[in-house]
Amino acid sequence: MIKVNLLDSVTERQRGAGAAVEERVANPRARMMMMAGAVFGLGLLAMFFDYYSAGAARARADEELARQQQIAAQMAAINKERAELEKKIGAIQSRIEAIKKLRSSQQGPVALLSALNERLPGAPEFRLETVEQKNGELLIEGSSPNEYAVTQFGRSLEFSSGLFQNVSIETQRKTVEINPADYNAADGPVDPDYKPETVTFKIKCRYGAPAEQQQQSAAAAPAAPANQVAQR
């Protein structure tokens, strides 16, 4: 009967394998090849990592570029809408200014005539014939039955809290021609020696009412009677 010692066989094989490995490791050529293989493997690993990292970075860069382009497109649309809105606002503002100027030009004469009408004396025959305004200078011409009414009107203009300034008055007496056809027989005979007089006057002053005061005067004062004020 044949007996085989398996333990010795295994031990001898292990010793033989270890000796082969030691022999390969001890061989400089084998060591060089092993190192070259390790370096090559590490290089491949580094290249793969670098490629993956570069791809991920490029993907992130593409995403950021797309996001920035989207933001730029949104900003361009917003700027376009803002420009159109500013254009519309400018047009509306110009219309508002035009309306303000128109209202100011319309309120000026109305406020002036209202201010004059407030200061007219109570004489029934007191008349304003022309009211002319140029560059802030005001010229008023009219007629009055006496000089007292003219003086009263000039004082009311002078004491107007700065509304009328530098008031100067020129008066002149004129004889009124009597037309007999204007009298009826019931009024009695006409005295040939009766010569009625009237006082014509020119008042020069400076009119400088603030806008708010003009508006208040125009709103508060009654309209001037047509038979008392006539504007040229």
Side-chain angles (χ1 to χ4, degrees), residues 46-121 127-142 153-169 202-232:
M47 290 175 62
F48 176 76
F49 179 77
D50 183 67
Y51 176 79
Y52 178 78
S53 299
R58 183 172 181 178
R60 289 194 299 270
D62 292 340
E63 292 178 358
E64 182 67 19
L65 178 61
R67 190 173 69 87
Q68 292 295 333
Q69 290 177 348
Q70 184 179 4
I71 294 175
Q74 293 176 353
M75 290 299 298
I78 292 174
N79 291 334
K80 184 178 180 181
E81 292 179 358
R82 185 181 64 181
E84 293 178 354
L85 182 61
E86 289 178 353
K87 186 177 180 181
K88 292 180 180 178
I89 292 175
I92 294 173
Q93 190 66 29
S94 63
R95 292 180 182 177
I96 292 175
E97 293 297 330
I99 293 173
K100 287 182 178 179
K101 290 181 180 179
L102 180 60
R103 288 181 176 177
S104 177
S105 63
Q106 291 176 346
Q107 281 185 345
V110 174
L112 172 60
L113 295 179
S114 299
L116 292 176
N117 184 70
E118 289 177 351
R119 292 164 175 80
L120 290 177
R127 297 287 186 270
L128 297 183
E129 296 177 358
T130 63
V131 177
E132 184 176 347
Q133 184 181 11
K134 185 177 180 181
N135 298 328
E137 298 293 334
L138 192 63
L139 175 62
I140 304 172
E141 296 182 3
F153 180 57
R155 287 180 178 178
S156 65
L157 294 178
E158 188 174 3
F159 296 98
S160 58
S161 302
L163 187 62
F164 298 93
Q165 304 173 4
N166 303 329
V167 179
S168 64
I169 304 175
K202 290 183 180 181
I203 299 178
K204 297 180 181 180
C205 62
R206 185 167 185 84
Y207 176 70
E212 294 181 358
Q213 192 170 0
Q214 290 183 9
Q215 294 177 1
Q216 292 176 359
S217 299
N227 62 345
Q228 289 190 1
V229 179
Q231 185 176 8
R232 179 179 296 172

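Sequence positions, counted from 1, serve as the residue numbers for this chain. As the structure is a prediction and not an experimental result, all values here were calculated from the model. Only heavy atoms go into these numbers, but all of them, side chains included; no hydrogens, no water, no symmetry mates.
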Over all atoms of both residues, closest heavy-atom pair of Leu157 and Arg119: CD2-CD, 3.8 Å

Straight-line distance of Leu163 CG to Arg206 CZ, nearest 0.5 Å: 12.5 Å

Nearest-0.5 Å distance, CD of residue Glu137 to CD of residue Gln165: 10.0 Å

Closest approach of Gly154 to Ile169 (non-hydrogen atoms, all atoms of both residues): CA-CD1, 3.7 Å

Shortest non-hydrogen contact between Gln133 and Tyr207, atoms and distance: NE2-CD2, 3.5 Å

Ala91 to Ser94 - nearest heavy-atom pair and separation: O-OG, 2.6 Å

Minimum heavy-atom distance Phe164-Leu138, with the two atoms named: CE2-CD2, 3.7 Å

Donor-acceptor pair, side chain of Glu86 and main chain of Ala83, under 3.5 angstrom: no

Whether Asn79 side chain and Met75 backbone form a donor-acceptor pair below 3.5 Å: yes

Ile140 side, atom CD1; Cys205 side, atom SG - distance, nearest 0.5 Å: 5.0 Å

Between CD1 on residue Ile203 and CG on residue Leu128, distance to nearest 0.5 Å: 8.0 Å

Pairwise distance OG(Ser168) to CD(Glu158) - rounded to 0.5 angstrom: 10.0 Å

Lys/Arg-Asp/Glu bridge criterion (N-O < 4.0 Å) met for Arg67, Glu64: yes

Reported CG-to-CD1 distance for the pair Leu85 and Ile89, which is rounded to 0.5 angstrom: 4.0 Å

